[in-house]
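Read through the structure below, which is laid out as structure tokens, and then see the notes.
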Protein chains: 2
Amino acid sequence: MQNKIDLTIFRHGTGLLPSVSVDCVIFGFHDSQLKVLLLQPKGSCNKMLPGGFVQLSESLNEAAQRVLQERAGVKEIYLEQFYTFGAPNRTDDTIHKRYFNTIPIDLDENDWILKRFVSIGYYALTDFTKVKPTPDVLSDSCDWYDVYQLSELAFDHQEMVERALKTLRSKLDSDLVGFNLLPEVFTMQDLQNLYETILNEALLRTNFQRKILNLNILERLEKKMTGAANKAPYLYKFKK
Amino acid sequence: MQNKIDLTIFRHGTGLLPSVSVDCVIFGFHDSQLKVLLLQPKGSCNKMLPGGFVQLSESLNEAAQRVLQERAGVKEIYLEQFYTFGAPNRTDDTIHKRYFNTIPIDLDENDWILKRFVSIGYYALTDFTKVKPTPDVLSDSCDWYDVYQLSELAFDHQEMVERALKTLRSKLDSDLVGFNLLPEVFTMQDLQNLYETILNEALLRTNFQRKILNLNILERLEKKMTGAANKAPYLYKFKK
DNA sequence: ACTTTATTGTATCAAAATGATACAATAGTA
DNA sequence: TACTATTGTATCATTTTGATACAATAAAGT
């Protein structure tokens, strides 16, 4: 199943902001892996982040949300800007043109789409289980990939993922980010596992539990009977 | 004295990246005040940050450096990107056109310069005493203004200053930022004064001294005989 | 020369946060 | 009933931070 996307928007002068694009780094968590959402474009291009252009009537944030919905089928997600990428050669000419030539529209050789542009990076965390990645007509697939095992990506998208991850790490404590990465209810071990994966380092179980509980942001629910021969952990959910 | 600026760069298609600009928030410190560098454009416009467009051949960072040099006479300064501003109405139409009509060049009504654009914000800290603000031909003046006493600024430049200040505060400790705001040598009181002004809150003298000294980044020099009837403070400079 | 004053550098103590270890409780298995 | 693996919590040591005390000192006043 593919998303509808209005290809006329790619045509010059039909309501797009020239030279500007947005790219989205969407993090998910599954099987103890931190994942990122990537599109496999048609043709032989490397995988890329869901990205697109900005309409004249919308804000950058709105553009990021719309693009994410159109290209990956992900909607109603809180996105945060983390950096703007603008190296003159960031969209390597030949790759860039090859990519846009796979799009079934006529592009003038002088169209700004074929030239340099600046891309504003947005990132978000989302519950892996609640998202159904859906590729658009320009892509063969849309799927999750382990952040720590990425193949080479298109353009400067590797750098984008790295910088988004750095931002995520630095905001993990202060912004109590990372909440959207887990399902509704979870155990303390699930949460610690998430933290360890994002930070890529081991944490001391007892102190992690103390720290999180002292934040007073969790509501303790019933125990989770795992069937294992040991004490059952409590389930938690985030307070509102 | 005014800087030379090549006005042809404003003409459409002569090597500029459409729809994109950079704006610079330059902080200085003097008389116990945190200052920001502003231009007074010719005509009746509000004051504005030194900003300009991006040439096709340069990176965003290079553009910011060049623009700062051309418009305010400030050179060789380390700039850091802090946010990108892209609200659809951020350059209010009438003010925007009025401003660009003061520039002595012909602009087509359809020129992107008269339309919406996105601006990438850069900020920097600099030694007040080492900068000689110099306006360009488009401006009547270029001067320092107290960050906490700003009049209304052009476009969304107030928001830019606020966000730059927020970034500065959050990075003050971790990045040991704020060093460029003081002259070569200084007393502990000078440094504390700077911190208090940036954070806009009082700090305990003894603990501040302990904290800074424990960082092991200062080299203690001779005492500074102030002429006052009390113990003379040491001078310090930053280790390399 | 001695006292006074304002300020500086450092020590000290209490409180809070963090790191590390110990241990009892418990859901199942042998 | 004993055993095992894991969980929740307590405890203690260490480090960090907040608050106060105090001796040292450069100059002025007497």
Side-chain angles (χ1 to χ4, degrees), chain A residues 31-32 169-178 182-239, chain B residues 31-32 169-178 182-239:
Chain A
D31 283 343
S32 292
R169 281 178 182 154
S170 71
K171 298 209 167 177
L172 189 55
D173 269 356
S174 62
D175 290 16
L176 302 177
V177 129
L182 290 174
E184 187 77 16
V185 298
F186 49 88
T187 66
M188 195 57 76
Q189 190 177 209
D190 292 337
L191 188 57
Q192 180 175 348
N193 202 249
L194 171 62
Y195 265 67
E196 291 182 333
T197 304
I198 291 176
L199 298 174
N200 208 19
E201 69 179 24
L203 303 174
L204 241 164
R205 181 185 62 88
T206 55
N207 293 341
F208 178 79
Q209 173 134 311
R210 178 179 59 190
K211 170 178 142 183
I212 297 292
L213 289 181
N214 281 342
L215 293 175
N216 261 336
I217 48 169
L218 294 189
E219 189 179 330
R220 180 175 280 181
L221 309 171
E222 75 281 10
K223 288 186 177 181
K224 180 190 182 187
M225 296 303 173
T226 59
N230 51 39
K231 187 170 178 179
Y234 287 105
L235 288 170
Y236 295 91
K237 70 175 187 183
F238 290 109
K239 284 184 191 169
Chain B
D31 284 344
S32 293
R169 281 178 182 155
S170 72
K171 298 209 166 175
L172 190 55
D173 270 355
S174 63
D175 290 15
L176 301 178
V177 129
L182 290 174
E184 187 78 14
V185 299
F186 49 88
T187 65
M188 196 56 77
Q189 190 177 210
D190 293 336
L191 188 58
Q192 180 175 349
N193 202 249
L194 171 63
Y195 266 66
E196 290 183 333
T197 305
I198 290 176
L199 297 174
N200 207 19
E201 69 179 25
L203 303 173
L204 242 163
R205 181 184 64 87
T206 56
N207 293 340
F208 178 79
Q209 173 135 313
R210 176 179 61 189
K211 171 177 140 183
I212 298 292
L213 289 181
N214 281 342
L215 293 176
N216 262 335
I217 48 169
L218 294 189
E219 188 180 333
R220 180 175 280 181
L221 309 171
E222 75 280 11
K223 288 186 177 181
K224 180 190 182 187
M225 296 303 172
T226 60
N230 51 38
K231 186 170 180 178
Y234 287 105
L235 286 171
Y236 295 91
K237 70 175 187 183
F238 291 108
K239 285 184 191 168

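Side chains are part of it too, since the values below use all heavy atoms of this structure and drop only hydrogens, waters and symmetry mates. Below, read A as the first sequence line, B as the second, and so on, with proteins coming before strands; counting in each chain starts at 1.
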Show me the donor-acceptor pairs, under 3.5 Å and distance only, between side chains in residues 205-218 of chain B and residues at least two apart or in other chains.
from      : atom 1 : to        : atom 2 : distance (Å)
Asn207(B) : OD1    : Arg210(B) : NH2    : 3.3
Lys211(B) : NZ     : Asp173(B) : OD1    : 3.3
Lys211(B) : NZ     : Asp173(B) : OD2    : 3.3
Asn214(B) : ND2    : Arg210(B) : O      : 3.3

Side-chain N or O of Arg220(B) less than 4.0 angstrom from OP1 or OP2 on dT10(C)?
-> yes
Shortest non-hydrogen separation from Ser32(A) to Thr197(A) and the atoms involved | O-OG1, 3.6 Å
When rounded to the nearest 0.5 Å, the distance separating CG of Leu182(A) from CG of Leu194(A) is 5.0 Å
Scanning both residues in full, the closest heavy-atom pair of Ala232(B) with Lys224(B) reads CB-O, 3.3 Å
Side chain of Gln209(A) - closest among dG8(D), dT10(C), dA19(D) | dG8(D)
Are any of Gln189(B)'s side-chain N or O atoms less than 4.0 Å away from OP1 or OP2 of dT8(C)?
-> yes
May I have the distance from Lys224(A) (atom NZ) to dG28(C) (atom P), rounded to whole angstrom?
-> 13 Å
For Leu204(B) and Gln192(B), the nearest pair of non-hydrogen atoms, with its separation, is C-NE2, 4.1 Å
Between Leu203(B) (CG) and dG18(D) (C1'), how many Å, whole number?
-> 12 Å
Find the distance Lys211(A):NZ to dA17(C):C1' and express it as a whole number of Å.
-> 12 Å
Whole-Å distance separating the CG atom of Asn207(B) from the P atom of dT8(C) = 16 Å
Atom CG of Leu221(B) and atom C1' of dG9(C) are separated, to the nearest Å, by 16 Å
Nucleotide nearest Leu213(B) (side chain, heavy atoms from C-beta), chosen from dT10(C), dG8(D), dT21(C) | dT10(C)
Between protein and nucleic acid, restricted to nucleotides 21-27 of chain D and to nitrogen or oxygen atoms under 3.5 Å apart, what atom pairs and distances do you find?
from    : atom 1 : to        : atom 2 : distance (Å)
dT25(D) : O2     : Lys231(B) : N      : 2.9
dA26(D) : OP1    : Lys223(B) : NZ     : 3.3
dA26(D) : O4'    : Asn230(B) : O      : 2.6
dA26(D) : N3     : Ala229(B) : O      : 3.2
dA26(D) : N3     : Asn230(B) : N      : 2.8

Quick one: closest heavy-atom pair of Thr187(A) and Pro233(A), and the distance?
-> CG2-CG, 4.0 Å
Between CG of Leu204(B) and P of dT8(C) the distance, given in whole Å, is 14 Å
By nearest-nucleotide position on DNA chain D, the 5'-leaning member of Arg210(A) and Tyr236(A) is Tyr236(A)
How many Å lie between CG on Leu191(B) and P on dG9(C), as a whole number?
-> 12 Å
pair Tyr234(A)-Met188(A): side-chain heavy atoms closer than 4.5 Å | no
Specify the separation, in whole Å, of atom CD of Gln192(A) and atom C1' of dT6(D).
-> 13 Å
